[in-house]
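Below: the structure, in structure tokens.
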2 protein chains.
Amino acid sequence: MAKETKISMAVIRRLPKYHRYLAELLTNDIDRISSKELSERIGFTASQIRQDLNCFGDFGQQGYGYNVRDLYNEIGKILGLDKNYKTIIVGAGNIGQAVANYSKFEKLGFHLQAIFDKNPKLVGIRIRDIEVKDVDCLNSYLAQNPTDIGIICVPKEHAQMVADIMVKHGIKGIWNFAPTDIKVPDDVIVENVHLSESLMTLSYRLNESNLFNE
Amino acid sequence: MAKETKISMAVIRRLPKYHRYLAELLTNDIDRISSKELSERIGFTASQIRQDLNCFGDFGQQGYGYNVRDLYNEIGKILGLDKNYKTIIVGAGNIGQAVANYSKFEKLGFHLQAIFDKNPKLVGIRIRDIEVKDVDCLNSYLAQNPTDIGIICVPKEHAQMVADIMVKHGIKGIWNFAPTDIKVPDDVIVENVHLSESLMTLSYRLNESNLFNE
DNA sequence: ATATTTTTGTGCATATTATAACATATTTAT
DNA sequence: ATAAATATGTTATAATATGCACAAAAATAT
């Protein structure tokens with residue numbers, strides 16, 4: 001039976017990976033899988049897989065394993081992929097445009113409604129049939145158009161200001177690409193994508209072996 | 001004194017954040033900081049900060065704290081930011097272009113040498129003064145131009161093939177934006193940026209509160 | 001000069017996370 | 001039908017990671 005305890009972030013961050021591997025199994029017409037076999041593909045221990053899944057329900061069957069389609073659907077539901085989110089992007093520079101054009105986006109239920117920028121050269125251009133609006137219109141836009149998700153792709157200097165406007169208008173989830181930590185109330189979720197941190201980690205690991213042994 | 005034990009990934013992933021906050025202190029002309037004060041800014045406990053830093057050396061002084069510039073430089077060195085890496089990007093689509101134009105890139109020592117794509121519409125265009133080459137030239141390019149880092153920005157179907165070519169030519173670090181796990185030998189470091197996983201995590205957390213309590 | 005305050009580095013306790021072990025249920029083979 | 005094999009859910013154990021507490025050192029105040 002599903003546990004009622006708080007799920008740890010470690011577990012949550014593994015869920016998308018389960019979802020991805022299950023999708024792959026589906027495309028290969030594999031309709032059942034054991035934790036052991038999934039373990040060999042995904043690289044987690046079978047025990048961890050079973051324990052992770054058991055946080056949410058008894059999806060498997062002893063002696064059989066897991067039904068791939070059912071489990072895929074269940075995890076999709078757990079991840080909220082059956083929901084739809086009205087989404088905006090603020091910042092139409094390189095990253096903003098890449099995110100806007102990111103096709104997987106809509107499949108996950110994130111529906112891009114508007115894009116904002118303050119650069120006059122970008123205001124007016126169309127990205128995926130959406131005309132970039134001046135960021136001065138952000139406040140009035142949000143006042144008139146209830147929005148679920150805000151994506152921040154502006155330079156770090158403006159990130160907090162943009163976040164404040166989003167929060168003011170009831171946005172409950174922020175996907176933050178600005179290389180800074182933004183402050184929001186407890187009921188607002190911020191998911192950061194800090195590219196430079198990722199790159200620094202790569203840099204560290206490249207040098208790791210020779211750090212002490214020379 | 002610095003410990004010789006293996007540093008955990010948890011610690012490593014916090015280092016860039018220390019680096020970022022110290023940079024901010026520097027721009028504000030703050031030249032010393034205690035673990036307690038840094039703790040209040042960065043949101044980790046003071047104890048954790050001291051313990052993290054002590055993995056690498058005794059950078060602080062009792063009764064004084066840490067010298068901001070020294071610590072910033074030390075962490076930079078630990079992260080390998082004083083090194084230079086010859087870098088290529090394979091895949092000049094939205095993400096590839098965004099990464100290529102990502103300015104912080106060069107500052108961290110990653111020098112973009114070449115960009116490849118297989119789309120004839122992209123081959124030949126210039127991104128940051130670098131002409132996009134046909135991906136068919138990747139093999140011969142790498143044979144002639146020793147390269148440290150490969151950035152994979154191709155669709156998932158081609159990611160493993162690109163990675164194999166990179167590995168064959170001695171690339172030791174891969175920054176992977178393709179939404180798949182690539183297999184490489186043990187001595188090659190892969191750092192993944194899985195945007196859809198990040199987005200799914202955001203989606204989960206948005207729904208988390210109502211999962212069980214309704 | 002001395003006392004007080006600050007603050008580190010580190011040992012220890014606690015909490016969290018991951019793995020192993022196993023009883024139980026189901027499937028498959030004979 | 002019965003036995004053997006498979007594979008879950010769950011409990012027990014091990015491994016990691018975090019936080020607390022304090023002696024020792026340096027800075028600051030008196």
Side-chain angles (χ1 to χ4, degrees), chain A residues 1-18 21-22 25 30-72 74-75 78 201 204 208, chain B residues 1-18 21-22 25 30-72 74-75 78 201 204 208:
Chain A
M1 205 221 311
K3 307 294 179 305
E4 302 277 328
T5 47
K6 182 94 168 50
I7 312 293
S8 82
M9 269 307 263
V11 175
I12 297 165
R13 296 221 175 265
R14 281 190 294 267
L15 292 178
K17 204 163 166 183
Y18 293 128
Y21 275 81
L22 289 165
L25 292 172
I30 297 170
D31 60 355
R32 64 182 268 195
I33 187 111
S34 68
S35 60
K36 181 160 174 289
E37 202 185 327
L38 187 55
S39 155
E40 282 152 17
R41 292 166 179 260
I42 210 169
F44 307 150
T45 65
S47 184
Q48 179 163 73
I49 293 170
R50 291 201 299 277
Q51 221 167 43
D52 282 353
L53 297 178
N54 263 97
C55 294
F56 303 99
D58 293 3
F59 303 129
Q61 190 165 40
Q62 284 160 324
Y64 176 88
Y66 300 87
N67 177 290
V68 173
R69 179 165 296 282
D70 290 351
L71 187 56
Y72 174 80
E74 287 289 350
I75 293 179
I78 292 164
T201 305
Y204 173 88
E208 191 171 22
Chain B
M1 207 220 310
K3 307 297 178 304
E4 302 277 325
T5 48
K6 182 93 168 50
I7 312 295
S8 80
M9 270 307 263
V11 175
I12 296 166
R13 297 224 175 262
R14 282 191 292 268
L15 291 178
K17 203 163 168 183
Y18 293 129
Y21 274 83
L22 288 165
L25 291 172
I30 297 169
D31 60 355
R32 64 182 268 195
I33 187 109
S34 68
S35 59
K36 180 158 175 289
E37 203 185 328
L38 187 55
S39 155
E40 283 153 15
R41 292 168 179 259
I42 210 169
F44 307 149
T45 63
S47 181
Q48 180 163 69
I49 293 170
R50 291 201 299 277
Q51 227 167 42
D52 282 353
L53 298 178
N54 264 95
C55 294
F56 302 99
D58 292 3
F59 303 131
Q61 190 165 41
Q62 285 159 323
Y64 177 88
Y66 300 87
N67 178 289
V68 174
R69 179 164 296 281
D70 290 351
L71 187 56
Y72 174 81
E74 287 289 350
I75 292 178
I78 292 164
T201 305
Y204 173 87
E208 190 171 23

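- When every heavy atom of A/Y66 is checked against every heavy atom of A/F59, the shortest pair comes out as CD2-C, 3.7 Å.
- Shown here are the side chain to side chain contact (heavy atoms under 4.5 Å, CB included) partners of B/S39, two or more places apart in sequence or in another chain: B/A46, B/I49.
- When the ring-ring contact (aromatic ring centres under 6.0 Å, His included) test is applied to B/Y21, no partner is found at least two apart in sequence or on another chain.
- We find that CD1 of A/I7 is positioned 11 Å from P of C/dT17, with the value rounded to whole Å.
- The salt bridge (charged side-chain N to carboxylate O under 4.0 Å, His left out) check on A/R32 picks up nothing, with sequence neighbours excluded.
- For C/dT7, the OP1/OP2 oxygens have no side-chain nitrogen or oxygen of B/S35 closer than 4.0 Å.
- Among the atoms of the strands shown, none is found under 4.0 Å from any heavy atom of B/F44.
- Rounded to an integer number of Å, the gap from A/D58 CG to C/dA25 P is 13 Å.
- A/N67 pairs by the side chain to side chain contact (heavy atoms under 4.5 Å, CB included) definition with A/Y64, A/R69, A/D70, not counting sequence neighbours.
- Between A/I49 atom CD1 and C/dT19 atom P the separation is 10 Å, expressed in whole Å.
- C/dT8 atom P lies 15 Å from atom CD of B/Q48, rounded to whole Å.
- Atom CG of A/L53 and atom C1' of D/dT10 are 14 Å apart (whole Å).
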Nucleotide-resolved protein contact map, nucleotides 21-30 of chain D, B/S/- at heavy-atom distance under 4.0 Å: B--BBBSS--

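- Rounded to an integer number of Å, the gap from CG of A/L38 to C1' of D/dA7 is 13 Å.
- Whole-Å rounding puts the B/M9 CE to D/dA15 C1' distance at 18 Å.
- Judged as a side chain to side chain donor-acceptor pair (under 3.5 Å), the pairs with a partner in residues 41-51 of chain A (not counting sequence neighbours) are, in order, A/S35-A/R50.
- At C/dT8, none of the side-chain N or O atoms of B/N54 fall inside 4.0 Å of OP1 or OP2 (strictly under the cut-off).
- Evaluation of atom-type donor-acceptor distances gives no pair under 3.5 Å for the side chain of A/Q51 against the base of D/dT8.
- Note: B/L71 CG to B/L22 CG = 5.0 Å, rounded to the nearest 0.5 Å.
- Distance CZ (A/R13) to P (C/dT17): 13 Å, rounded to an integer number of Å.
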